[in-house]
Amino acid sequence: MGIEAHPDDPTPSPLLGNIRDGIRSEARVKRPAVRRGWLERGPGPDDHRGADEFVQVDWDEALDLVASELRRVRTAHGNEAIFGGSYGWASAGRFHHAQSQLHRFLNCIGGYTGSVNTYSYGASEVILPHVVGGTGDVLRQATTWQAILDNTELVVAFGGMNVKNAWVGSGGVTRHTLVPSLVEAARRHIGFELFSPLRSDLPADVAAVWHPVVPGTDVAVMLALAYVLVTEGLHDAAFLERYTVGSARLIAYVLGDDDGQPKDPAWAATISEIPADTIRALARRMARSRTLITVSWALQRTRHGEQPVWMGIALAALLGQIGLPGGGFGHGYGSTADFGAPLMRLPLPVLEQGRNPVQTFIPVARITELLENPGGTLEYNGRTLRLPDIRLLYWAGGNLFHHHQDLNRLRRAITRLDTIVVHEPFWTAAARHADIVLPITTTLERDDVGGAHNDTYLIAMPRAIEPFGEARDDYDALSELAKRLDVWDEFTEGRTADDWVEHIYERFRTRVGERGVAVPRFAEFWSAGETRLPVSSDGHTMYERFRTDPDTSKLATPSGRIELFSETVDAFGYDDCPGHPVWLEPDEWLGGERAGRFPLHLIANQPSSRLHSQLDAGAYSQASKVAGREPIRIHPDDAAARSINDGDVVRVSNDRGSCLAGAIVTTDVRPRVVNLSTGAWYDPSDPTRPDSLCAHGNPNVLTADQGTSRLAQGSTGQHVLVEVERFDGEPPPVRAHHPPPFVARVGRSTLGDPAVH
Ligand SMILES: Nc1nc2c(c(=O)[nH]1)N[C@H]1C(S)=C(S)[C@@H](COP(=O)(O)OP(=O)(O)OC[C@H]3O[C@@H](n4cnc5c(=O)[nH]c(N)nc54)[C@H](O)[C@@H]3O)O[C@H]1N2
Ligand SMILES: Nc1nc2c(c(=O)[nH]1)N[C@H]1C(S)=C(S)[C@@H](COP(=O)(O)OP(=O)(O)OC[C@H]3O[C@@H](n4cnc5c(=O)[nH]c(N)nc54)[C@H](O)[C@@H]3O)O[C@H]1N2
Ligand SMILES: [Mo]
């Protein structure tokens, strides 16, 4: 098998280097498998999940078991006892999108308890509608790179624009353009001010001024910038008057009128370690330049993550440049590949999921609380959610032992369940903690059509290799279950997978046709291999129309304007997210009490060597490991104080858990900050213990499972306080990419082969 980049891609993604050997790794699920304890004792609470052996069974038996268990749970507890949130990225392809498939199936059988929002920008999804009336403009219609290159003079980037993140885009991306855009920006002498604990959040070719801010304190810096603008008369009062509400309340807070503490540069300096003079000079420069303020998604994946997003918008409003070409606010540059690309604004082929009759849901990152607290309640965005009693967890296309926080707590929480069903191509930790695992094909093993918002190509994705082992498509597995549960007609509508791919393409063709865009018929598209879609706007600036006419192009907020004070949010009465942006001390930060016990701030960001946990066994990801473990970057001063040398195995720990990692000593991270990215497959060295050391370096054994605030309840996985020490002695082996132990079934021996492996 060979992997080649698209000929039109100026800078192909190095992550392609994971596919070839990753896709056929030893970690593939070959046959359906059932956890031994579940097979012997039936459904029910069990603390052996993740430590038990598996019994391989044939597809018919596995499907019969899943179908009868779904029937039992539905009858005994109702459909709301099935959690089908099933969060995760799965892989590219519009039809075989695992989550859509599962949701459609579960809707056919009466519904499920679901989840809302994402781990990516869970806080933004809830705060943005209160502030600017929705998420679409900010997250889907950002100011394009063309507008930035042509107009912007200064980019103030909180969290930077790390090019490693732009190697991927949700749904896929054909042309990777962040690097050429940044290079061109540097050529045009656009200034970059990088606020980040990591220098690598902008590439070295961009001569950025690096402000190594204390993690979690950007809001203090933003408030102090606002303080300088207001006290020196540099803010745009006319803009505030015409386009915003609540600026007086925010300004009173900035000046310290209500709490006696002016949010001046000296105050911010003590919190953020950014010198007061630097803040003052920057504020003045921002006021005299066409300035774009960007906030990376990472900043809101932290405690009080609503605040940097809200305050970033407020700061841009004070400058009065929102809606001016290349000015204003941006949230996601350098977070994914499509950000700042020309706008397309076309519908894509989709698989309809149907309607879910069950009303219960959680904000996605509250999964552990849901399992721990049946019958309890959860505050969320002005509501009190009731937490149902979940008996069956059904996951397809995500890895909750990758994405969720405080994995030891999650492991305890899943012991209460009756059954966990996971569809997976690989023996990930999620699969290993399941009761029934169905082997699923990867993208390369099936026909599909690929496309993404703001990507200008629609791609035919013909099967490139044969399905591995007994792997089947999610669609096949669910169709078989649908047959057993008497909803086959409804689920399949009588179509094969191939029929569906053509069907969703043709429906897309009709829908874009209604907008005057002609694309070829399916057969022609399929044999050409791709079709190009027209770009609707290349030089777009976010909120241009609103700025031109705020009365006819009102925002969908209660006031129709940007809300710097929100009556709605204020009325919720949340002390962790009041009515205007504020500085709130996080629980885990270098200035807090907890730093006395755990003195290093760990940044658990996205990995540069893979997409989340996917294809971790692939060559590019493996080449990044240090001493066989996930690399942790540490400043020379912090390393020296702990006698840690480059290449050493270290133990990273706090009171929630511990893991091993391989040290890289570098001045790319600021002192007292360490960086261990997510995605090393969770590898408890003793799976029978609930708090076992992870031998491989998964930071989610350390992170806190706590919402951003009662408003959004988003994930806060980006930040955690830890201690790091050199690990002397023989480190336990990394076994995460081996399949779990298999045994032959005891008793009833209807099985074919006894255990292999
Ligand atoms: N500490 C910390 N944690 C984080 C974050 C952080 O910043 N810090 N970031 C968070 C973010 S933003 C995200 S988006 C999440 C990502 O979390 P996930 O999206 O859950 O992570 P992936 O590793 O992409 O998991 C996708 C899984 O789907 C499987 N898969 C692929 N194709 C198919 C298919 O066709 N069918 C089926 N059934 N399965 C398939 C893959 O093998 C893989 O195991 O992680 C979050 N977790
Ligand atoms: N290669 C690769 N690319 C990816 C992904 C992947 O897994 N691999 N995942 C994709 C997904 S699902 C998502 S949601 C996006 C996520 O996009 P982001 O959330 O933007 O990405 P991260 O890498 O988690 O964080 C970006 C940077 O923010 C900085 N940062 C963290 N905390 C702070 C802080 O308190 N202050 C400041 N100023 N900076 C801080 C960190 O240095 C970090 O490198 O990435 C996408 N792109
Ligand atoms: Mo994400």
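Whatever order the structure lists ligands and atoms in, that order sets their numbers, starting from 1. Excluded from the calculations below are hydrogen atoms, water molecules and symmetry mates; all remaining heavy atoms, backbone and side chain alike, are included. For the single chain, residues carry numbers from 1 onward in sequence order.
Set against the non-hydrogen atoms of P215, the atoms of ligand 2 under 4.0 Å away are 35 (O). Close approach of ligand 2 to S296 (heavy-atom distance below 4.0 Å) involves ligand atoms 20 (O), 28 (O). Listed by atom number, the atoms of ligand 2 under 4.0 Å from D218 heavy atoms are 34 (C), 35 (O), 36 (N), 37 (C), 38 (N). Shown in contact with V213 at under 4.0 Å from a heavy atom are these atoms of ligand 2, numbered in order with element: 38 (N). Ligand-side atoms of ligand 2 in range of L198: 42 (O), 44 (O), range being under 4.0 angstrom from any heavy atom. Listed by number with element, the atoms of ligand 2 under 4.0 Å from a non-hydrogen atom of P197 are 37 (C), 39 (N), 40 (C).
Using a 4.5 Å heavy-atom threshold, the side chains of H423 and L478 count as touching. Inter-residue side-chain proximity for R28 and F426 is flagged as met; some heavy-atom pair is nearer than 4.5 Å.
Close placement of the W589 and W583 rings is indicated, their centers lying within 6.0 Å of each other.
Ion pairing of R672 with E273 is present here, as a side-chain N (NZ or NE/NH1/NH2) and a carboxylate O approach within less than 4.0 Å.
Backbone and side-chain nitrogen or oxygen atoms of G216 are examined, and one is located within less than 3.5 angstrom of a nitrogen or oxygen of ligand 2. Considering backbone and side-chain N/O of F158, none are found under 3.5 Å from N/O of ligand 2.
By the 30° and 60° cut-offs, the orientation of the rings of F491 relative to F105 is perpendicular.
R670 and H635 share no donor-acceptor pair across their side chains, judged by distance under 3.5 Å alone. Side-chain contact, D338 with H453: no donor N or O sits under 3.5 Å from an acceptor N or O.
Within 6.0 Å of the CZ atom in R199, the count of heavy atoms belonging to other residues, nucleotides or ligands exceeds 12.
Near ligand 1, heavy-atom contacts under 4.0 Å come from Y87, G88, W89, A90, S91, A98, Y119, S120, R301, A396, G397, G398, N399, H402, H403, Q405, H423, E424, P425, F426, T428, I440, T441, R446, D474, A604, Q606, H612, S613, Q614, T678, N700, T703, G717, Q718.
One finds the OG1 atom of T441 at 6.5 Å from the CG atom of D474 (value rounded to the nearest 0.5 Å).
Heavy-atom distances between G160 and ligand 2 stay at or above 4.0 Å for every pair. Within the structure, ligand 2 has F195 among the residues with a heavy atom less than 4.0 angstrom away.
For the pair R301 and Y119, the cation-pi test (distance below 6.0 Å, angle within 45°) is failed.
Residues satisfying the ring pair (Phe, Tyr, Trp, His ring centres under 6.0 Å) test with W427, not counting sequence neighbours, are F54, F742.
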